[in-house]
Enquirer: 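I am attaching a structure below and will ask some questions about it afterwards.
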Amino acid sequence: VFGKDITLILILNNLSFDHKTVKVDMSASTILYTRRAVAEILKATTSVDLGSKQEKHIRLKIPYSYYGKYLTTDKRIQVTALCEVMHMHGAKLLVEKTIILEDTNIIIKIPRRVVVNKAVTLEISYANPLPEPVNRCVLLVTLMNQQVKIHLAQLAPRERSKIYFEFTPRRTGPLQLQVDFSCDKFSHVKGFVTIAVAPA
């Protein structure tokens, strides 16, 4: 989840009866959805001895403090591990994993029944998932082809807050509400809900 430390485990398995030494070069970079690298955030090298038919786990931790300021709105991190078996004519294996960090920030609560031409109040809650405060918080609410920009107070680390938003639907049928939350540390965290508007 965005804002939290990331922990990955690489599993090395020696399928033969021979003792093996494996050199592992690990790296992590923030990337765009096109897979183009933005910034390298972690580089580590380790060596593992594997006995006959032995399995070992290598734990890789990427703290939020490493990736936070280099993450793009795509919220993607590419992790690679180049494993080289020593003394075996340089046999190599490349392992790649792309991590897409999830947002759990926007929660929209709507009443059980929404009726045309009758005012309705929604509860929109938003959060700061980071271990640091955020400022210049803005909520952009899009509904019925109209946008409302709401400036919000700063949020403390890991704080969740809520606002109440009132509107009157002018027609029956499905109505889509979209919420976009931005601040000085991240932008465009989205949430949306489809509201079924009943006849009066």
Side-chain angles (χ1 to χ4, degrees), residues 1-10 26-44 58-81 95-111 120-167 174-195:
V1 176
F2 174 60
K4 301 247 175 93
D5 295 349
I6 300 163
T7 302
L8 300 166
I9 293 172
L10 176 69
M26 293 177 285
S27 69
S29 298
T30 56
I31 59 167
L32 300 172
Y33 75 95
T34 56
R35 290 173 64 93
R36 187 166 74 81
V38 176
E40 187 173 75
I41 52 173
L42 186 72
K43 206 169 177 63
I58 300 173
R59 185 180 290 267
L60 180 69
K61 188 174 181 181
I62 308 172
Y64 165 74
S65 58
Y66 284 25
Y67 73 79
K69 60 185 174 194
Y70 299 111
L71 211 57
T72 68
T73 51
D74 295 332
K75 295 188 176 65
R76 288 169 190 251
I77 294 173
Q78 173 106 17
V79 181
T80 61
V95 180
E96 283 189 330
K97 182 166 181 67
T98 300
I99 301 160
I100 302 171
L101 298 173
E102 291 177 18
D103 291 317
T104 54
N105 286 6
I106 305 284
I107 299 169
I108 304 164
K109 290 184 182 172
I110 54 175
V120 59
T121 302
L122 308 175
E123 181 187 288
I124 301 170
S125 78
Y126 51 94
N128 171 16
L130 308 184
E132 56 189 336
V134 296
N135 296 292
R136 297 199 296 279
C137 303
V138 174
L139 212 56
L140 196 63
V141 181
T142 306
L143 181 71
M144 300 186 292
N145 298 322
Q146 288 189 316
Q147 283 193 333
V148 180
K149 194 175 191 177
I150 304 162
H151 293 273
L152 307 162
Q154 82 159 58
L155 287 173
R158 313 275 188 217
E159 183 186 359
R160 178 169 283 281
S161 190
K162 64 178 92 165
I163 62 161
Y164 293 93
F165 183 79
E166 187 180 283
F167 75 100
L175 197 62
Q176 194 168 78
L177 171 99
Q178 187 171 317
V179 177
D180 188 310
F181 178 58
S182 294
C183 65
D184 63 339
K185 300 282 192 325
F186 55 86
S187 59
H188 305 304
V189 173
K190 296 182 189 296
F192 65 91
V193 69
T194 300
I195 303 165

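What you are looking at is a predicted structure, and each value in this text was computed from that prediction instead of being measured. Values reported hereafter were calculated over all heavy atoms of this structure, with side chains retained and with hydrogens, waters and symmetry mates removed.
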Enquirer: Is Thr72 close to Ile31 at the side-chain level, that is, under 4.5 Å between some pair of heavy atoms?
Expert: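 Not in contact.
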
Enquirer: Among residues at least two apart in sequence or on other chains, which ones pass side-chain contact (heavy atoms from CB on, under 4.5 Å) with Ile9?
Expert: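 Ile9 satisfies side-chain contact (heavy atoms from CB on, under 4.5 Å) with Ile11, His57, Arg59 only.
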
Enquirer: Would you find a donor on one side and an acceptor on the other, under 3.5 Å apart, between the side chain of Thr30 and the backbone of Ile77?
Expert: no

Enquirer: Where is the tightest heavy-atom contact between Phe192 and Gln178, given as atom of each residue plus distance?
Expert: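 Heavy atoms of Phe192 and Gln178 come nearest at CB-CA, 4.0 Å.
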
Enquirer: Should Cys137 and His151 be marked as a side-chain contact (heavy atoms from CB on, under 4.5 Å) after you check the CA-CA gap, both sets of side-chain angles, and the distance that decides it?
Expert: CA-CA 6 Å; Cys137 303; His151 293 273; over 6 Å; no

Enquirer: Asn128 side chain to Glu159 main-chain N or O, any donor-acceptor pair under 3.5 Å?
Expert: no

Enquirer: Can you check whether Leu155 reaches Pro133 side chain to side chain, under 4.5 Å on heavy atoms?
Expert: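 They are not in contact (no side-chain heavy atoms under 4.5 Å apart), so the answer is no.
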
Enquirer: Could you please spell out the steps behind the side-chain contact (heavy atoms from CB on, under 4.5 Å) verdict for Tyr164 and Ile124?
Expert: CA-CA 6 Å; Tyr164 293 93; Ile124 301 170; over 6 Å; no

Enquirer: Would you check if Leu175 and Thr194 make a side-chain contact, meaning some heavy-atom pair closer than 4.5 Å?
Expert: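 When only atoms from C-beta onward are counted, Thr194 and Leu175 do not touch, as no gap falls below 4.5 Å.
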
Enquirer: For Ser29 and Glu40, which heavy atoms make the closest approach, and how far apart are they?
Expert: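 Minimum heavy-atom separation between Ser29 and Glu40: OG-CA, 3.6 Å.
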
Enquirer: To check you understand the geometry: which heavy-atom pair defines the closest contact between Phe181 and Ala127, and what is its length?
Expert: CE2-O, 3.6 Å

Enquirer: Taking all heavy atoms of Asp74 and all of Tyr33, pick out the closest pair and write down the distance.
Expert: OD2-N, 2.9 Å

Enquirer: Just do the salt bridge (Lys or Arg N to Asp or Glu O under 4.0 Å) check on Glu96 and Arg35 with the steps written out, would you?
Expert: CA-CA 12 Å; Glu96 283 189 330; Arg35 290 173 64 93; 3.2 Å; yes

Enquirer: Please give me the minimum heavy-atom distance between Gln154 and Val134, naming the atom from each residue.
Expert: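 Reported closest heavy-atom pair: CB-O, 3.2 Å.
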
Enquirer: Looking at CG of Leu140 and CD1 of Ile150, how far apart are the two atoms once the value is rounded to the nearest 0.5 Å?
Expert: 8.5 Å

Enquirer: Would you check if there is a donor-acceptor pair between the side chains of Thr98 and Gln78 at a distance under 3.5 Å?
Expert: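 Yes.
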
Enquirer: Can you tell me if Ser182 uses its side chain to pair, donor with acceptor, with the backbone of His188 under 3.5 Å?
Expert: yes

Enquirer: With a 4.5 Å cut-off on side-chain heavy atoms, are Val79 and Leu8 touching?
Expert: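 Result yes, sub-4.5 Å side-chain heavy-atom pair found.
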
Enquirer: Between Ile108 and Tyr126, is the side-chain contact (heavy atoms from CB on, under 4.5 Å) condition met? List the steps.
Expert: CA-CA 9 Å; Ile108 304 164; Tyr126 51 94; over 6 Å; no

Enquirer: Flag the pair Ile6 / Tyr66 as yes when at least one side-chain heavy-atom distance between them is below 4.5 Å, and no otherwise.
Expert: no

Enquirer: When you compare the side chains of Glu132 and Tyr64, does any donor N or O come within less than 3.5 Å of an acceptor on the partner?
Expert: yes

Enquirer: Do Leu122 and Phe167 come within less than 4.5 Å of each other through their side chains, counting heavy atoms only?
Expert: yes

Enquirer: One pair to check against side-chain contact (heavy atoms from CB on, under 4.5 Å): Leu60 and Leu10. What are the steps and the verdict?
Expert: CA-CA 8 Å; Leu60 180 69; Leu10 176 69; over 6 Å; no

Enquirer: For a 4.5 angstrom cut-off between non-hydrogen side-chain atoms, does Gln147 reach Lys149?
Expert: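 No. Closest side-chain heavy atoms not under 4.5 Å.
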
Enquirer: How far apart are the closest heavy atoms of Ala28 and Ile62, and which atoms are they?
Expert: CB-CD1, 3.8 Å

Enquirer: Could you check whether any side-chain heavy atom of Ile99 comes within less than 4.5 Å of a side-chain heavy atom of Arg76, counting everything from C-beta outward?
Expert: no

